[in-house]
Visitor: 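Let me give you the structure first, and then I'll get to my questions.
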Amino acid sequence: MSRPRTSRRLALAVPAALAAFALTALPAAATSSPAQIATSKTNGVAYLKSLQAADGSYAGAGLSNEWAFTAFAASGTAVADVHPGGDTTKNARTVYRNLLSTAGWPQASPVVTDYERGTLNAYAAGIDPARVSASRNLIAHVYSYWQTAEAGYFGPSGNFNGTVFAALSLGGAKTQAGGNRVPQALTDAMVTRIRANQHVDGGWTYQKAEGNPTVLNSASDVDMTGAAMAALCVSGVPGTDADVVQAKNFLKGKLANTTGAFNSLYGINTSSNGWGVAGLNACGINPQTGDFRTPAGRTPIDFLIANQFNPAGGFKYKPADTTPTSYASIDALRAVAGGGFTTAPPVPVTPGAPQWVAQSTFTAGTATKLALTVDDGTGGLKVCSVAFTPTGTTTTLGDVLAAATTGATPAGCVTSVTPASGTGTITAVNGVSNSGGSTWKVSVDGSAFAGAQREKIINVGDTIALRYGS
């Protein structure tokens, strides 16, 4: 997601005999039937399982394959059921959760896309991304990259990729109950920026285009068009929206008649095709009918399946390749399975394994973070991550807001709160006081807004939204 162009071209080493055997059974190029799609999923899942290391890992230093979790989930396979040699103690979910919980993850100088990647894959694995551990809250980490001077952007605005994946992760990673985690004001701010970066041709690239006529009039790429349209749709924008339709038409215009592939800026390849199809899937647009079936009767799904080694299950990156690659296989399988950029986790079949794992309480004395938005009702939305060290298994809204005055990233999220201590109704935040029917209200994890009380209990991983209004 941080534009892993070169990584997608890194060939995965496979035994020569396996590759040769796999080459004997490529499917015919025709509109793919449900049976062909089911076979592709079965074989693709088997291939992705073969990428698991002996210690159960998919991720580590440098390039890694944890994106496989989104493909597993889309294919109906629980990540908790993926384990080497039948050793359930090394299941991929547990190993990944342990990795995310380490102080050294993701790297010495992290960027926003590190945490967005973690959020999307943790969610698909059945790890609540806001409650990975007592110290790790991925949603709060994403919030910390909010650009105060350019509201709606996450990370440097020049790398528009970070904002697209903020919308994908914050909108796609629902609560365990399936509800929206973040407030509508934040979602609206991201949607506004995504719309503003749409090129004249209907697509997007990873670069910022807003306010730059040269970039707005330049050619878009298939990959980021798929990601950006998916970001709009997971944010609640309907598939019939004019900007989504423009994106659909852009992709339609890139179809190669004889294969059904999208002809991307980087040439015809399965990864770009997979991202384009994922965008269509996220917006409820069938990639096998209507606009996406060429005059020759080919579809993007046909192209993907035609470039899969069967029964070995891996996918080529480019049609001329003779071996599969891991990234191409992940991108292609997720698309063939009908997925967007993340999917709610299936219920595991491993006895005793729950659908979700999550930290249940704060650990006293263990530093942690919470995600906070403050909406003053006049468009002055503030977004931040609040760092603090709890003294018990829960905390209070008053204590979180007090911590935010000195421990927020970006700074300035909360400058003052009235009353500043004790209990009772919060009557003013950042100098804006309750007046008549307009008061400060609070929502947690997308719950209905209610009067903000200092003593309101806040639990580990809660996503907190304060809003002023009637």
Side-chain angles (χ1 to χ4, degrees), residues 128 130-131 134-135 137 139-140 143-144 146 148 151 175-177 179-189 358-470:
D128 188 327
R131 299 172 175 87
S135 60
N137 179 338
I139 303 298
Y143 270 39
S144 72
W146 172 261
T148 302
T175 65
Q176 294 181 41
N180 292 326
R181 191 185 299 266
V182 304
Q184 190 63 44
L186 174 53
T187 298
D188 290 345
Q359 179 73 18
S360 59
T361 65
F362 290 114
T363 297
T366 297
T368 190
K369 301 177 188 293
L370 288 171
L372 172 67
T373 57
V374 181
D375 180 2
D376 66 6
T378 63
L381 180 67
K382 296 181 182 295
V383 180
C384 62
S385 172
V386 180
F388 73 107
T389 301
T391 58
T393 56
T394 64
T395 189
T396 65
L397 177 60
D399 285 345
V400 173
L401 296 181
T405 62
T406 57
T409 306
C413 199
V414 177
T415 56
S416 63
V417 180
T418 304
S421 61
T423 61
T425 299
I426 293 174
T427 58
V429 178
N430 297 344
V432 178
S433 300
N434 291 351
S435 177
S438 294
T439 61
W440 283 100
K441 298 176 177 63
V442 64
S443 165
V444 172
D445 281 354
S447 66
F449 280 89
Q453 303 288 320
R454 284 190 57 88
E455 63 269 25
K456 178 177 174 60
I457 297 297
I458 299 296
N459 292 292
V460 66
D462 283 351
T463 299
I464 306 166
L466 276 180
R467 185 183 73 189
Y468 180 78
S470 57

Visitor: Shortest non-hydrogen contact from C413 to A408?
Guide: CB-CB, 4.0 Å
Visitor: Decide side-chain contact (heavy atoms from CB on, under 4.5 Å) for V444 and K456; before the verdict, give the C-alpha distance in whole Å, the side-chain angles of both, and the deciding distance to 0.1 Å.
Guide: CA-CA 10 Å; V444 172; K456 178 177 174 60; 3.6 Å; yes
Visitor: Are any non-hydrogen side-chain atoms of I426 and V442 less than 4.5 angstrom apart?
Guide: no
Visitor: How long is the span from the CD1 atom in I139 to the OG atom in S144, to the nearest 0.5 Å?
Guide: 11.5 Å
Visitor: Please enumerate all residues that pass ring pair (Phe, Tyr, Trp, His ring centres under 6.0 Å) together with Y468, with sequence neighbours excluded.
Guide: W440
Visitor: Test your reading of the model: is there a side-chain donor-acceptor pair from T415 to the backbone of G412, 3.5 Å cut-off?
Guide: no
Visitor: Search all heavy atoms of A452 against all heavy atoms of L397 and return the closest pair with its distance.
Guide: CB-CD2, 4.2 Å
Visitor: About how many Å separate CZ of F362 and OG1 of T391, when rounded to the nearest 0.5 Å?
Guide: 10.0 Å
Visitor: Under the disulfide (SG to SG under 2.5 Å) definition, can you give me all pairs with a residue in residues 426-464, not counting sequence neighbours?
Guide: none
Visitor: Calculate, to the nearest 0.5 Å, the distance between atoms CG and OG belonging to N180 and S447 respectively.
Guide: 12.0 Å
Visitor: In Å and rounded to the nearest 0.5 Å, what is the CD to CG distance from Q176 to D445?
Guide: 9.0 Å
Visitor: Give me the one residue out of T148, L370, L372 that meets side-chain contact (heavy atoms from CB on, under 4.5 Å) with C384.
Guide: L372
Visitor: Please check this pair: side chain of D375 against backbone of L381, looking for a donor-acceptor N/O pair closer than 3.5 Å.
Guide: no
Visitor: For the CD1 atom of I464 and the CG atom of L401, what is their distance to the nearest 0.5 Å?
Guide: 7.0 Å
Visitor: If every non-hydrogen atom of A387 is compared with every non-hydrogen atom of K369, which pair is closest and at what distance?
Guide: CB-NZ, 4.2 Å
Visitor: Can you tell if the side chain of N430 reaches within under 4.5 Å of the side chain of V414, non-hydrogen atoms only?
Guide: yes
Visitor: Determine whether a donor-acceptor pair (N or O, by modelled atom type, separation under 3.5 Å) exists between the side chain of T463 and the backbone of V182.
Guide: no
Visitor: Is the shortest side-chain heavy-atom distance between S433 and T418 below 4.5 Å?
Guide: no
Visitor: Is it true that a side-chain atom of R454 and a backbone atom of T396 form a donor plus acceptor pair closer than 3.5 Å?
Guide: no
Visitor: First locate atom OG1 of T368, then atom CZ of R131, and finally report the distance between them rounded to the nearest 0.5 Å.
Guide: 10.5 Å
Visitor: Checking T439 against K441: is there a side-chain donor and acceptor pair closer than 3.5 Å?
Guide: yes
Visitor: Could you pull out all residues at least two apart from N459 that satisfy side chain to side chain contact (heavy atoms under 4.5 Å, CB included)?
Guide: T394, I457, D462
Visitor: Just so I know, are the side chains of T373 and Y143 near enough to count as touching, which here means a heavy-atom distance under 4.5 Å?
Guide: yes
